[in-house]
A.B. asks: 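First the structure, which I've put down as structure tokens, then a few questions once you've had a look.
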Amino acid sequence: QVQLVESGGGLVQPGGSLRLSCAASGFTLNDHAVGWFRQAPGKGREGVSCISSGDGSTYYGDSVKGRFTISRDNPKNAVYLQMNSLKPEDRTVYYCAASLDPSFDSRFSLAYMYSYWGQGTQVTVSS
């Protein structure tokens, strides 16, 4: 059974850090592009970051560039999102997703490119 499970969310003060994990089961995550998205209430899913299969090319949304880092842990079949210098506006639910498309380009910042989704993990940034 294909499954993605996010973890690592929680409450952090502004300026703090969190590392989100996306663990896969039922398939090899390194064979797929993986994206992190977030969705505030009443809004669409925003592409935060994504990483290609193969050469590990990455993309970051403008709002997180320089603060967030996406990486793979192939032995653990996981992808991480290191989030530093967190701001109150980063507060929302974060989702990881895996794509079945073998390519990688700017479209991978968009939710429709992904077929497998996790259930999400809540990130709260507050003093």
Side-chain angles (χ1 to χ4, degrees):
Q1 180 182 358
V2 171
Q3 191 173 20
L4 291 173
V5 178
E6 302 95 336
S7 62
L11 172 63
V12 64
Q13 292 185 342
S17 298
L18 285 173
R19 189 180 78 161
L20 304 184
S21 298
C22 174
S25 58
F27 69 111
T28 301
L29 200 54
N30 191 45
D31 292 339
H32 301 268
V34 175
W36 282 98
F37 293 80
R38 61 188 183 186
Q39 186 169 21
K43 295 187 177 181
R45 290 191 178 181
E46 174 192 3
V48 174
S49 181
C50 53
I51 187 167
S52 69
S53 62
D55 69 359
S57 299
T58 58
Y59 157 86
Y60 296 95
D62 288 341
S63 61
V64 306
K65 204 170 292 184
R67 300 189 297 125
F68 291 10
T69 304
I70 191 170
S71 62
R72 289 187 182 272
D73 186 339
N74 294 333
K76 294 186 177 180
N77 207 27
V79 168
Y80 304 120
L81 184 69
Q82 178 68 41
M83 306 188 298
N84 298 329
S85 303
L86 282 161
K87 303 176 181 180
E89 53 263 43
D90 295 318
R91 170 183 179 166
T92 189
V93 180
Y94 286 73
Y95 301 88
C96 70
S99 176
L100 296 177
D101 192 311
S103 65
F104 189 77
D105 53 42
S106 60
R107 298 173 300 158
F108 282 72
S109 65
L110 303 174
Y112 80 87
M113 292 299 296
Y114 296 85
S115 299
Y116 303 142
W117 290 85
Q119 292 301 306
T121 185
Q122 175 72 47
V123 170
T124 301
V125 185
S126 175
S127 55

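Note that the structure is predicted; figures quoted are calculated from it, not measured.
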A.B. asks: Quick one about Asp101 and Ser99 (side-chain donor to acceptor, distance below 3.5 Å, no hydrogens or angles considered), yes or no?
C.D. replies: no

A.B. asks: Side-chain donor-acceptor pair under 3.5 Å between Glu46 and Ser109, yes or no?
C.D. replies: no

A.B. asks: The test is side chain to side chain donor-acceptor pair (under 3.5 Å); show your working for Thr92 and Gln122 and say whether it passes.
C.D. replies: CA-CA 6 Å; Thr92 189; Gln122 175 72 47; 5.7 Å; no

A.B. asks: Mind telling me whether Tyr94 and Phe68 have parallel, tilted or perpendicular rings, with 30° and 60° as the class edges?
C.D. replies: tilted

A.B. asks: Decide side chain to side chain donor-acceptor pair (under 3.5 Å) for Asn84 and Ser17; before the verdict, give the C-alpha distance in whole Å, the side-chain angles of both, and the deciding distance to 0.1 Å.
C.D. replies: CA-CA 4 Å; Asn84 298 329; Ser17 298; 2.9 Å; yes

A.B. asks: Tell me, please, whether Tyr95 has Arg38 positioned over its six-membered ring: NZ or CZ under 6.0 Å from the ring centre and within 45 degrees of its axis?
C.D. replies: no

A.B. asks: Decide whether Leu110 and Tyr59 are clustered together by the hydrophobic rule: side chain heavy atoms of Ile, Leu, Val, Met, Phe, Trp, Tyr closer than 4.5 Å, transitively.
C.D. replies: no

A.B. asks: Between Trp117 and Phe37, does the ring centroid distance fall short of 6.0 Å?
C.D. replies: yes

A.B. asks: Would you say the side chain of Ser49 lies within less than 4.5 Å of the side chain of Leu81, judging by non-hydrogen atoms?
C.D. replies: yes

A.B. asks: Please round to the nearest 0.5 Å and tell me the distance separating atom OG of Ser126 and atom CG of Leu86.
C.D. replies: 12.0 Å

A.B. asks: Taking Asp62 first and then Lys65, would you say they form a salt bridge - that is, a charged N and a carboxylate O separated by under 4.0 Å?
C.D. replies: yes

A.B. asks: Any donor-acceptor pair under 3.5 Å linking the side-chain atoms of Ser63 with those of Arg67?
C.D. replies: no

A.B. asks: Any heavy-atom pair between the side chains of Val5 and Ser7 that's under 4.5 Å?
C.D. replies: no

A.B. asks: Atom OH of residue position Tyr116 - does it have more than 12 heavy atoms of other residues, nucleotides or ligands inside 6.0 Å?
C.D. replies: no

A.B. asks: Can you tell me how far the OH atom of Tyr114 sits from the NE2 atom of His32, to the nearest 0.5 Å?
C.D. replies: 12.5 Å

A.B. asks: Would you say that Cys22 contacts Trp36 through its side chain, given a criterion of any heavy-atom pair below 4.5 Å between the two side chains?
C.D. replies: yes

A.B. asks: Looking only at side-chain N and O atoms, does Arg19 offer a donor or acceptor that is under 3.5 Å from a partner on Gln82?
C.D. replies: no

